[in-house]
Amino acid sequence: MKEIENKEPMIFDIHVAEGSHYEVGKQRAITMKEHYSEDIPYFISPMEGQSYISALTARKRMISIDKICPGFVDEIHGFADEIGIEPEKIICFANSYHNSPHCCQFAVLPSNTIDGHFYVGRSYEYFVRDERSLCVTRVTGKPKLIGFSLQNAGITQITFKS
């Protein structure tokens, strides 16, 4: 019982963003600047021990991601513009796109499932504290979504082209 008493309480917030994908990204950045400014360096710095990915690599990933997750790149552009950094330097393009197996996220379209349902999932090998914000996202013309977003962006990414 002593172990439970010594644990630091976890505080979660609810973030609601509405508008276009770009506007949602800007709103996420505004919230971060106002309430979590100490977290910004994580989202705009290379992974520990690594350099930024090249602009060419980032652009190739943006093209690939945009084919699968329309709107995600626009969301990152809104975030980057509000923070004042090039979109290519936002961590999600280096950290969310792997050429080899890693813990990550997945999505399976209804056309690929026996029961015709859409599935999304994520492994949780990081830390429980990573998931601080419950995101409610209302992108114009898209389904309303709710969920946690480790990279502070992309909750809209589960709206796939079929």
Applying the side chain to side chain contact (heavy atoms under 4.5 Å, CB included) test to His21, which of Val73, Thr137, Asp74 qualifies?
-> Asp74

Value for CD (Glu86) from CD1 (Ile44), rounded to nearest 0.5 Å, stands at 10.0 Å

Point-to-point distance, once rounded to the nearest 0.5 Å, from CD1 of Ile83 to NZ of Lys26 = 10.0 Å

Which heavy atom in Val24 sits nearest to a heavy atom in Ala17, and how many Å separate them?
-> CG1-CB, 3.8 Å

Any side-chain heavy-atom pair of Phe79 and Glu75 under 4.5 Å | no

Given side chains that start at C-beta, do those of Val16 and Arg138 come closer than 4.5 Å, heavy atoms only?
-> yes

Shortest non-hydrogen contact between Tyr22 and Asp81, atoms and distance | OH-OD2, 2.5 Å

Which pair of non-hydrogen atoms, one from Gly116 and one from Thr113, has the smallest distance, and what is that distance?
-> N-OG1, 3.1 Å

Close side-chain approach of His77 to Met62, heavy-atom, < 4.5 Å | yes

Do side-chain atoms of Glu82 reach the backbone of Gly25 as a donor and acceptor pair under 3.5 angstrom?
-> no

Rounded to the nearest 0.5 Å, how far apart are OG1 of Thr57 and OH of Tyr52?
-> 15.0 Å

Would you sort out whether Leu109 and Phe118 count as a side chain to side chain contact (heavy atoms under 4.5 Å, CB included), showing the intermediate values?
-> CA-CA 5 Å; Leu109 294 172; Phe118 176 71; 3.9 Å; yes

Short question: side chain of Thr31, backbone of Gln27 - any donor-acceptor pair under 3.5 Å?
-> yes

Give, for atom CZ of Phe43 and atom CZ of Arg28, the distance between the pair rounded to the nearest 0.5 Å.
-> 8.0 Å

Glu88 CD to Ile90 CD1 distance, which is reported to the nearest 0.5 Å | 9.5 Å

Enter the distance from Asn112:CG to His117:NE2 here, rounded to the nearest 0.5 Å.
-> 14.5 Å

Tell me whether Ile30 is reachable from Ile85 by hopping between hydrophobic residues (I, L, V, M, F, W, Y) whose side-chain heavy atoms are closer than 4.5 Å.
-> no

Under 3.5 Å: donor-acceptor pair, side chain of Lys142, backbone of Gly71 = no

Nearest atoms (heavy-atom pairs only) where Thr140 meets Ser20 | OG1-N, 4.0 Å

